[in-house]
Amino acid sequence: MSSEPDIARVHAIIRGKDWPTALAAVCGQFPGAAVFSTSFGLEDQAILHALAQAGLALRVVTLDTGRLFEETHALHAQTRKRYGISIDVFFPEPAALRRLIAERGPNGFYDSLENRRECCRVRKVEPLTLALAGAKLWITGIRREQSEERAQLAPIEWDEQHGLLKYHPLLDVSETELRRFVTLHDVPYNPLHDKGYPSIGCAPCTRAVAPGEPARRGRWWWEDDAKKECGLHVQNGRLVRRKESDS
Ligand code: SF4
């Protein structure tokens, strides 16, 4: 299935607009078919606020891996109340989780890259596939500044694995701009961000970074930087790259 016409159309829609305006305009092109996946990071909270302000009632999903920080659960509860929305939670498949722990142990992800990827597959990648089923547009909170790999992405791309368009409305937004937006609009956010955690995932696989250290350095810190993706944004082992023809 070719997505080139849709990609060109979305590029034309977002060109010259600020990100909240572009986000609303793009979502308006996919009525009933857009999904926003949140892990309650700073980026996701800003996007959720923009969606709520625009009155866009699209489906919001999240993955509960079973290993999240308590602060993340508290923010989920706070966010529901603040915006009056229900967030659809997807969990690991029980039989797959039982097998994972029986075969590799509860913290087997520290033992090998293969174990870590299998844990992410069971707890994140497979639930995400269910969460995205039937959608035509997937909205994410990815920003270029987050890693060298992410710096190469295009704002809109075709996701072959899930068979939909993937849109990163904050791709070119800096952390400074993002924090300004969150402060200006009093958006609720995870208190761990103020304790040195720029990127927050599962508790056993996330730690604080030193000032000035790359954001992804706090995720899976025992691995090479080049391998630090959980599989949610990877196709055939790589992040989807910008095409020469993309703007
Ligand atoms: S981030 Fe860690 S605990 Fe969470 S799914 Fe991946 S390996 Fe498992």
Side-chain angles (χ1 to χ4, degrees), residues 35-45 60-77 79 87-133 138 140-143 146-150 159 161-162 166 168 189-193 195-209 213-240:
V35 172
F36 168 48
S37 64
T38 176
S39 56
F40 303 101
L42 202 62
E43 291 83 359
D44 295 335
Q45 291 299 99
V60 181
V61 301
T62 193
L63 310 178
D64 187 338
T65 64
R67 303 299 298 263
L68 301 177
F69 285 95
E70 192 46 46
E71 286 88 341
T72 303
H73 291 296
L75 181 58
H76 178 170
T79 302
I87 297 170
D88 208 358
V89 184
F90 287 78
F91 298 91
E93 200 271 314
L97 189 56
R98 258 201 329 272
R99 198 163 48 245
L100 173 81
I101 293 171
E103 291 175 357
R104 302 172 194 250
N107 290 340
F109 38 78
Y110 291 132
D111 297 338
S112 70
L113 181 62
E114 188 205 338
N115 278 4
R116 202 274 286 166
R117 286 189 170 152
E118 180 61 8
C119 186
C120 284
R121 189 186 70 75
V122 169
R123 294 181 188 271
K124 294 180 172 182
V125 177
E126 293 302 321
L128 177 70
T129 299
L130 289 178
L132 296 178
W138 172 19
T140 87
I142 283 179
R143 291 188 305 111
Q146 290 168 330
S147 71
E148 284 179 24
E149 285 284 312
R150 293 181 177 200
D159 184 321
Q161 187 179 347
H162 300 105
K166 196 169 171 183
H168 316 298
Y189 66 92
N190 197 320
L192 291 174
H193 287 308
K195 296 178 181 171
Y197 292 76
S199 173
I200 302 169
C202 293
C205 301
T206 306
R207 71 175 182 182
V209 298
E213 244 191 323
R216 302 290 286 178
R217 200 56 62 77
R219 305 288 296 276
W220 308 293
W221 61 91
W222 62 93
E223 292 179 359
D224 290 350
D225 281 355
K227 293 168 182 159
K228 288 185 179 180
E229 287 291 342
C230 60
L232 298 185
H233 301 293
V234 175
Q235 292 179 28
N236 301 322
R238 305 177 61 196
L239 281 176
V240 177

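In what follows, residues are counted from 1 in the order of the sequence shown. Start at 1 and go down the list; that is how both ligands and their atoms are numbered. Everything numeric here is computed off the predicted structure, so don't read it as measured data.
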Novice: Just by distance, do the side chain of His193 and the backbone of Leu42 share a donor-acceptor pair under 3.5 Å?
Specialist: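 The answer is yes, because a donor-acceptor pair under 3.5 Å joins these two groups.
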Novice: Could you check whether any side-chain N or O of Asp64 sits under 3.5 Å from a backbone N or O of Phe91, counting only pairs where one atom can act as donor and the other as acceptor?
Specialist: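 Side chain of Asp64 to backbone of Phe91: no pair is present.
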Novice: For ligand 1, is any non-hydrogen atom under 4.0 Å from Lys124's backbone (N, CA, C, O), its side chain (CB onward), both, or neither?
Specialist: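 Just the side chain.
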Novice: If we ignore hydrogens and angles and just use 3.5 Å, is the side chain of Thr206 paired with the main-chain N or O of Ile200 as donor and acceptor?
Specialist: no
Novice: For the CZ atom of Arg217 and the OG atom of Ser147, what is their distance to the nearest 0.5 Å?
Specialist: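 Rounded to the nearest 0.5 Å, the CZ-OG separation comes to 11.5 Å.
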Novice: What atoms of ligand 1 come closer than 4.0 angstrom to any heavy atom of Arg123?
Specialist: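 Contacts of ligand 1 toward Arg123, numbered from 1: 5 (S), 8 (Fe).
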Novice: Please find out if atom 2 (Fe) of ligand 1 and some N, O or S atom of Cys205 are separated by less than 2.8 Å.
Specialist: yes
Novice: Just to be sure I'm reading this right: ignoring hydrogens, which of Cys119, Pro127, Pro106 gets closest to atom 8 (Fe) of ligand 1? Compare them by their nearest heavy atoms.
Specialist: Cys119
Novice: Do other residues, nucleotides or ligands put more than 12 heavy atoms under 6.0 Å from the CD atom of Glu148?
Specialist: no
Novice: Got a sec: is Cys202 within less than 2.8 Å of atom 4 (Fe) of ligand 1 via an N/O/S atom?
Specialist: yes
Novice: Go through ligand 1 atom by atom and flag the ones less than 4.0 Å from a non-hydrogen atom of Trp220.
Specialist: 1 (S), 2 (Fe)
Novice: Give the atoms of ligand 1, by number and element, whose distance to some non-hydrogen atom of Arg116 is under 4.0 Å.
Specialist: 7 (S)
Novice: Do the rings of Tyr110 and Trp221 sit parallel, tilted or perpendicular, given the 30° and 60° boundaries?
Specialist: tilted
